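A quick note: this is a predicted structure, and the numbers were derived from the prediction, not measured.
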Number of protein chains: 2
Amino acid sequence: MSSQPSASASVASSSRVLEHPDRSAIRLEAVLHALSDPMRLRVVRTLAAHGSEMACSDVELDVSKSTCTHHFRVLREAGVISQTYRGTSKMNGLRRADLDAVFPGLLDSVLAAAEGEERRLAAAH
Amino acid sequence: MSSQPSASASVASSSRVLEHPDRSAIRLEAVLHALSDPMRLRVVRTLAAHGSEMACSDVELDVSKSTCTHHFRVLREAGVISQTYRGTSKMNGLRRADLDAVFPGLLDSVLAAAEGEERRLAAAH
DNA sequence: GTCGTAGTACGGTAACTGTCAAACTACGAG
DNA sequence: CTCGTAGTTTGACAGTTACCGTACTACGAC
């Protein structure tokens with residue numbers, strides 16, 4: 001049902017391999033659902049701003065480690081991020097190419113929307 | 001906290017008035033959550049394709065009336081649609097101007113994404 | 001006034017979801 | 001080998017959500 005991580009992710013460097021949906025198995029509702037949670041949207045915005053892959057622990061969320069694991073898994077299973085183990089760490093990256101191919105402009109419009117909303121809310125306080 | 005329906009909706013023609021969030025109270029997460037459900041996405045696509053306002057009963061969903069009421073309310077409370085009573089019917093319209101002002105390009109990219117996904121899934125069968 | 005329709009409120013069910021602590025595994029450093 | 005860290009799994013809890021049937025309200029037609 002799944003394949004190896006997309007081309008944007010490096011080859012796994014441990015025996016632990018993570019399942020990712022094929023580009024063709026990415027569904028809009030799962031993507032929108034994944035992005036509708038504030039924690040996960042924050043992850044995605046952080047990865048987008050950073051540009052290159054980041055370890056889970058480098059993305060600062062104010063929740064427990066088990067909750068972090070939960071949220072990263074939802075993003076991976078929706079096809080929004082790719083994940084690869086590097087020793088004890090797991091490196092995460094946006095599946096930008098896949099998402100832009102399947103839903104052109106969606107990711108950027110969500111990121112821009114979040115940016116704009118954050119600025120408006122900051123200005124309102 | 002809410003105001004009268006946005007300018008895109010007509011004046012209410014009955015004593016029943018529905019609360020709608022101000023443009024400034026529309027939140028991205030609520031919008032994405034509202035659009036991540038297949039029933040609600042169908043409503044929004046139908047309203048988008050139709051162009052002008054439609055009655056609840058004119059949007060064909062394969063669920064009970066009480067479930068329809070639930071979904072339309074989620075869309076209204078997220079600020080995605082405006083609703084106005086007309087006799088026994090309730091007229092619904094996309095809050096296109098508000099959504100485009102608050103999250104430029106988001107609605108169109110979601111609609112295009114849904115369109116593209118539908119075509120790909122239809123071609124795959 | 002009655003009648004039919006659109007839509008609602010309520011209570012219920014079942015599944016989902018986000019949260020966590022605790023115990024765990026996998027890995028690299030030493 | 002031990003140790004520390006990253007991340008996981010499990011079970012639990014509480015809240016949310018989509019679904020429904022039923023009884024209801026509001027409205028217009030007559």
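- A salt bridge links Glu118(B) with Arg45(B): the distance from a Lys NZ or Arg NE/NH1/NH2 to an Asp or Glu carboxylate oxygen falls below 4.0 Å.
- Atom P of nucleotide dA6(C) and atom CD of Gln83(B) are separated by 16 Å, given to the nearest angstrom.
- Look at Arg73(A) and you won't find any side-chain N or O under 4.0 angstrom from OP1 or OP2 of dG7(D).
- Whole-Å rounding puts the Lys65(A) NZ to dT5(D) C1' distance at 7 Å.
- Summarising the geometry of Gly105(A) relative to Asp100(A), their closest heavy-atom pair is N-OD1, 4.4 Å, with the distance given to 0.1 Å.
- Checking the phosphate oxygens (OP1, OP2) of dG7(D), no side-chain nitrogen or oxygen of His70(A) falls inside 4.0 Å.
- When rounded to the nearest whole Å, the span between CZ of Phe72(B) and C1' of dA6(C) equals 12 Å.
- With dC19(D), dA26(C), dG7(C) as the candidates, the nucleotide lying closest to the side chain of Val63(B) is dC19(D).
- Residues Ala78(A) and Ala34(A) share a closest heavy-atom pair of CB-CB, 3.9 Å.
- Side chains of Thr69(A) and Ser66(A): a donor-acceptor N/O pair is absent below 3.5 angstrom, by distance only.
- Remark: P of dA26(D) and CG of Leu18(B) are 14 Å apart, rounded to the nearest angstrom.
- Residue whose closest nucleotide on DNA chain C sits further toward the 5' end, between Met39(A) and Asn92(B): Asn92(B).
- In this entry the distance linking CG of Asp37(A) with P of dT17(D) reads 12 Å, nearest Å.
- Proximity note for Ser64(A) (side chain, C-beta onward) versus dG7(D), dA21(C), dG7(C): the nearest is dA21(C).
- When the side-chain nitrogen and oxygen atoms of Thr88(B) are compared with OP1 and OP2 of dT5(C), none of them lie within a distance under 4.0 Å.
- Counting to the nearest Å, the P atom of dA26(C) and the OH atom of Tyr85(A) are 10 Å from each other.
- Side-chain polar atoms of Asn92(B) and Gln83(B) form a donor-acceptor pair below 3.5 angstrom.
- Residue Thr67(A) is in base contact, counting any heavy-atom pair closer than 4.0 Å across all strands shown.
- Base contact: Thr69(A) has a heavy atom under 4.0 Å from a base atom.
- Which of dG7(C), dG18(C), dA21(C) sits closest to the side chain of Arg40(A) comes down to dG18(C).
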* Structure fact -> Counting primed atoms, P, OP1 and OP2 as sugar-phosphate and everything else as base, the B/S/- map of nucleotides 10-16 of chain C against protein heavy atoms under 4.0 Å is -------
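- Of the candidates dA18(D), dG18(C), dG7(D), dA18(D) carries the atom nearest the His71(B) side chain, counting heavy atoms from C-beta on.
- Of the residues Leu107(B), Val80(B), Ile26(B), Asp22(B), the one that meets the side-chain contact (heavy atoms from CB on, under 4.5 Å) test with Asp98(B) is Ile26(B).
- The line from CZ of Arg120(A) to CZ of Arg27(B) is 8.0 Å long, rounded to the nearest 0.5 Å.
- Spacing between atom CZ of Arg16(B) and atom P of dG7(C) amounts to 9 Å, rounded to whole angstrom units.
- The CD atom of Glu60(B) sits 13 Å away from the P atom of dA6(C) (whole-angstrom rounding).
- The CG atom of Leu94(B) sits 5.0 Å away from atom CG of Leu47(B), with the distance rounded to the nearest 0.5 Å.
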